[in-house]
Amino acid sequence: MRFIITSAFFFLVLFSCAAAYDPLDPTGNVTIRWDIMAWTADGYTATVTLYNFQTFRHIMDPGWTIGWAWAKKEIIWSMIGAQATEQGDCSKFKANIPHCCKRTPAVVDLMPNAPYNQQFANCCKGGEVSAWGQDPAASISQFQITVGLAGTSNKTVKLPKNFTLLGPGPGYTCGPAKLVPSTKFLTPDGRRKTQALMTWNVTCTYSQFLARKNPNCCVSFSSFYNQEITPCPTCACGCQNNNTCINRDSKILKVVEANNSKRENTSLLQCTHHMCPIRVHWHVKVNYKEYWRVKIAIVNFNYRMNYSVWSLVIQHPNLNNVTQVFSFNYQPLIPYESINDTGMFYGMKYYNDVLMQAGPLGNVQSEVLLQKDLNTFTFKQGWAFPRKVYFNGDECMLPPPDTYPFLPNSVHGSVISFLTLTSAWFSLLIFLS
Ligand SMILES: *[C@@H]1O[C@H](CO)[C@@H](O)[C@H](O)[C@H]1NC(C)=O
Ligand SMILES: *[C@@H]1O[C@H](CO)[C@@H](O)[C@H](O)[C@H]1NC(C)=O
Ligand SMILES: *[C@@H]1O[C@H](CO)[C@@H](O)[C@H](O)[C@H]1NC(C)=O
Ligand SMILES: *[C@@H]1O[C@H](CO)[C@@H](O)[C@H](O)[C@H]1NC(C)=O
Ligand SMILES: *[C@@H]1O[C@H](CO)[C@@H](O)[C@H](O)[C@H]1NC(C)=O
Ligand SMILES: *[C@@H]1O[C@H](CO)[C@@H](O)[C@H](O)[C@H]1NC(C)=O
Ligand SMILES: *[C@@H]1O[C@H](CO)[C@@H](O)[C@H](O)[C@H]1NC(C)=O
Ligand SMILES: *[C@@H]1O[C@H](CO)[C@@H](O)[C@H](O)[C@H]1NC(C)=O
Ligand SMILES: *[C@@H]1O[C@H](CO)[C@@H](O)[C@H](O)[C@H]1NC(C)=O
Ligand SMILES: *[C@@H]1O[C@H](CO)[C@@H](O)[C@H](O)[C@H]1NC(C)=O
């Protein structure tokens with residue numbers, strides 16, 4: 001019985017991933033908008049804007065790469081605020097050499113130290129873009145592109161095809177470019193509107209299923225009422241690379257730290273039974289009359305990664321009544337108007353917004369005080385533990401329900417399958433709605 005229910009649950013999880021639909025962020029997407037601002041002798045100049053409309057998934061170092069296929073024989077004469085990664089074969093050109101002649105250009109952001117005359121509004125952040133729900137002002141990235149051998153009117157310009165987005169790894173799927181009503185811009189004094197000559201949008205959505213074969217993080221539990229710690233599942237993040245991990249007390253660690261070449265290989269893990277770069281721990285710490293207190297810790301096991309601007313999304317029915325969060329920022333997320341059970345935790349600027357590489361400093365933690373709703377609150381049936389956990393926008397693997405810390409005198413086992421059943425039906429409801 002339990003087996004069937006559990007498989008139904010996993011089936012639902014897989015199914016919802018494959019559909020590139022995230023129940024905790026149902027409208028989340030990255031929109032790339034092209035606004036043609038001027039026609040030129042042989043083409044146009046456009047402003048390209050990337051909006052990260054995802055509530056909690058940012059684009060982190062080493063940043064985005066946008067690619068597309070030209071529909072005709074277009075070339076890129078020049079760019080401001082970004083650059084094509086390869087120039088391609090421009091041997092046909094004699095006097096002016098284009099910036100890029102490739103049929104399928106790939107474009108990346110500039111670094112913050114780019115010369116002033118190559119900078120553009122909202123550019124030059126090394127491709128890092130915040131999530132809309134975390135820092136809306138930093139959730140935009142822009143550049144300007146001057147295209148040649150293109151059309152010079154809205155009748156002859158052909159929209160680029162086959163857009164791709166790496167953010168920074170795989171996981172995003174982009175739809176076709178769609179002509180939309182021209183964008184209107186307000187002048188700085190707010191007294192006049194101008195408008196683009198032609199505008200098209202491309203919408204890209206994320207699927208963790210496409211991004212990686214294994215989860216990237218796992219969750220462990222503990223409680224004041226049971227001495228046993230529920231560890232992360234073994235090989236939660238895949239054990240294929242377990243011969244390349246290094247032990248915590250290994251002598252080569254000093255060399256590795258001295259030799260931090262981040263771009264070459266972005267992960268070098270500490271050996272653990274779960275082999276995850278990130279572990280999230282949820283500890284049910286104190287029970288008061290009207291409140292209860294949870295301690296949350298995030299531990300980094302990757303020697304080659306500082307997670308700057310990390311985020312943690314948690315789903316738990318009591319998050320509708322968060323009284324205080326001690327050393328993280330907290331924001332409720334309300335993807336469905338009637339359900340307020342999900343929230344985002346993220347670091348405080350200059351205090352714990354960077355989760356440092358594995359080692360003594362590689363963790364961040366906080367405590368959360370929640371007010372009980374006495375009608376629903378219980379320590380039974382694993383109710384006090386989160387239903388879903390996401391780190392940096394990727395879902396973490398939870399321990400199997402029958403290993404949750406149980407109340408000392410509860411008949412553990414039968415109640416647990418009830419929990420599984422409930423969560424399976426809950427996912428089903430969300431999935432269908
Ligand atoms: C993209 O996200 C925005 C903001 O959430 C939303 O308004 C828009 O409808 C989304 N677009 C698509 C195609 O889902
Ligand atoms: C092109 O521009 C003309 C006039 O500006 C407008 O009437 C027409 O609808 C536009 N066509 C397209 C495909 O945008
Ligand atoms: C776009 O991709 C499709 C399928 O991969 C391919 O058949 C088509 O030739 C591509 N278009 C261009 C312009 O490269
Ligand atoms: C195109 O994208 C812009 C910016 O994301 C958005 O405001 C606009 O609503 C989109 N248009 C359509 C028709 O989706
Ligand atoms: C590595 O993973 C394999 C299975 O993929 C397992 O048999 C082996 O015990 C693991 N080794 C360590 C050190 O965890
Ligand atoms: C850093 O790595 C290179 C090769 O990857 C190696 O030759 C060099 O000795 C290493 N440096 C240190 C300090 O270990
Ligand atoms: C990076 O990791 C891959 C496998 O994950 C390996 O094949 C490659 O040799 C590594 N590169 C370096 C420079 O260590
Ligand atoms: C992480 O940050 C620390 C302190 O800023 C730095 O010393 C270290 O080299 C960084 N590690 C990586 C992998 O970037
Ligand atoms: C959702 O819960 C938070 C507390 O966790 C509360 O501040 C917020 O007002 C609630 N929002 C709604 C719409 O109920
Ligand atoms: C929080 O809990 C108290 C006590 O149960 C209740 O009166 C209040 O309405 C709850 N607040 C929300 C936002 O649900």
Side-chain angles (χ1 to χ4, degrees), residues 22 24-25 28 52 54-61 128-139 215-224 232 276-288 291-302 305-335 340-372 384-398:
D22 188 337
L24 299 190
D25 191 12
N52 182 6
Q54 299 178 103
T55 320
F56 51 75
R57 188 173 299 107
H58 63 278
I59 297 179
M60 60 182 187
D61 185 38
E128 292 185 58
V129 189
S130 296
W132 182 256
Q134 198 167 350
D135 186 356
S139 69
N216 213 21
C217 49
C218 64
V219 185
S220 56
F221 293 147
S222 59
S223 64
F224 69 85
C232 276
C276 290
I278 294 290
R279 177 166 63 82
V280 177
H281 187 77
W282 175 280
H283 174 64
V284 177
K285 191 175 173 188
V286 193
N287 183 25
Y288 307 105
Y291 297 88
W292 58 301
R293 187 189 275 259
V294 169
K295 179 169 178 174
I296 299 173
I298 311 175
V299 184
N300 186 356
F301 293 99
N302 187 346
M305 186 73 126
N306 288 332
Y307 292 92
S308 56
V309 218
W310 56 269
S311 72
L312 182 71
V313 169
I314 294 189
Q315 186 180 36
H316 186 282
N318 213 159
L319 287 179
N320 66 346
N321 230 332
V322 172
T323 305
Q324 197 175 355
V325 176
F326 290 89
S327 41
F328 293 165
N329 288 313
Y330 180 71
Q331 196 177 312
L333 304 179
I334 310 188
N340 185 7
D341 66 353
T342 307
M344 170 165 61
F345 298 85
Y346 54 100
M348 292 177 163
K349 214 163 191 167
Y350 309 121
Y351 174 55
N352 57 8
D353 60 335
V354 181
L355 172 54
M356 297 286 270
Q357 65 193 48
L361 301 175
N363 67 84
V364 290
Q365 43 192 296
S366 173
E367 293 194 2
V368 183
L369 189 65
L370 300 130
Q371 187 175 359
K372 292 177 183 172
F385 296 97
R387 309 300 187 259
K388 271 182 195 280
V389 175
Y390 286 55
F391 178 80
N392 274 0
D394 276 336
E395 191 167 354
C396 304
M397 187 177 265
L398 295 168

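Throughout, residue positions are numbered sequentially from 1 according to the sequence presented.
Only one option out of V322, N321, T323, V325 pairs with L370 in a side chain to side chain contact (heavy atoms under 4.5 Å, CB included); it is V322. Of the residues listed (D22, N392, D25), the one engaging R57 in a side chain to side chain donor-acceptor pair (under 3.5 Å) is D22, and it is the only one.
Here the side chain of N306 pairs a donor or acceptor atom with the backbone of Q357 at under 3.5 angstrom. At distances below 3.5 Å, not a single donor-acceptor pair connects side-chain atoms of N320 with backbone N or O atoms of N340. A side-chain donor-acceptor contact under 3.5 Å links Q331 to the backbone of G133. Here the side chain of K295 pairs no donor or acceptor atom with the backbone of V368 at under 3.5 angstrom. A distance-only check finds no donor-acceptor pair linking the side chain of N302 to the backbone of A358 [under 3.5 Å]. A side-chain donor-acceptor contact under 3.5 Å links N329 to the backbone of G347.
Scanning both residues, F328 and M348, for their nearest heavy atoms gives O-CE, 3.8 Å. Nearest heavy atoms, F224 versus H283: N-CE1, 4.0 Å. Looking at every heavy atom in both residues, I278 comes nearest to N300 through CD1-CA, 4.0 Å. Heavy atoms only, all atoms of each residue included: Q315 and T342 are closest at CG-OG1, 3.6 Å. The shortest heavy-atom contact between E367 and R293 is OE1-NH1, 2.6 Å. The nearest pair of heavy atoms linking S366 to S327 is OG-N, 3.2 Å.
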Inset, instruction - Quick one: do S308 and M60 satisfy side-chain contact (heavy atoms from CB on, under 4.5 Å)? Show the steps, please. - result: CA-CA 8 Å; S308 56; M60 60 182 187; 6.0 Å; no
Inset, instruction - Begin with the C-alpha distance, continue with both residues' side-chain angles, and end with the deciding distance and a verdict on side-chain contact (heavy atoms from CB on, under 4.5 Å) for K372 and N287. - result: CA-CA 10 Å; K372 292 177 183 172; N287 183 25; 2.5 Å; yes
Inset, instruction - Check step by step if side-chain contact (heavy atoms from CB on, under 4.5 Å) holds for F301 and V299. - result: CA-CA 7 Å; F301 293 99; V299 184; 3.8 Å; yes
Legend entry - W292 and N318: CA distance, side-chain angles, deciding distance, side chain to side chain donor-acceptor pair (under 3.5 Å) verdict: CA-CA 10 Å; W292 58 301; N318 213 159; 2.7 Å; yes
Legend entry - Steps toward side-chain contact (heavy atoms from CB on, under 4.5 Å) verdict (Q134, V309): CA-CA 9 Å; Q134 198 167 350; V309 218; 3.6 Å; yes
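Per the SG-SG cut-off, C217 and C396 are bridged by a disulfide [distance under 2.5 Å]. Sulfur atoms SG of C218 and C232 are positioned under 2.5 Å apart.
Within the 4.5 Å cutoff, the side chain of W132 has heavy atoms near those of the S139 side chain. In this structure, the side chains of P215 and E395 stay at 4.5 Å or more apart for every pair of heavy atoms. Counting only heavy atoms from C-beta outward, the side chains of Y307 and I298 never approach each other to under 4.5 Å. Side-chain contact between I296 and I314: present, with at least one pair of heavy atoms (C-beta onward) separated by less than 4.5 Å. Residues W282 and S222 are not in side-chain contact: their nearest non-hydrogen atoms beyond the backbone lie 4.5 Å or more apart. Between V389 and V313 the shortest side-chain heavy-atom distance does not fall below 4.5 Å.
Annotation: side-chain contact (heavy atoms from CB on, under 4.5 Å) contacts of S130 (sequence neighbours excluded): D135, A138. Residues forming a ring pair (Phe, Tyr, Trp, His ring centres under 6.0 Å) with F56 (at least two apart in sequence, or on another chain): Y390. Y351 meets the ring pair (Phe, Tyr, Trp, His ring centres under 6.0 Å) test with no other residue; sequence neighbours excluded.
A ring-centre distance under 6.0 Å is not found for Y330 and Y346. F345 and W310 have their aromatic ring centers separated by at least 6.0 angstrom.
Put simply, OG on S311 and CG on D394 are 9.5 Å apart, with the number rounded to the nearest 0.5 Å. The distance from atom OG1 of T55 to atom CE of M344, rounded to the nearest 0.5 Å, is 7.5 Å.
More than 12 heavy-atom neighbours from other residues, nucleotides or ligands sit within 6.0 angstrom of OH on Y288.
A salt bridge does not link D341 with R387: every distance from a Lys NZ or Arg NE/NH1/NH2 to an Asp or Glu carboxylate oxygen is 4.0 Å or more.
A donor and an acceptor atom, one from each side chain of Q365 and N363, are located under 3.5 Å apart.
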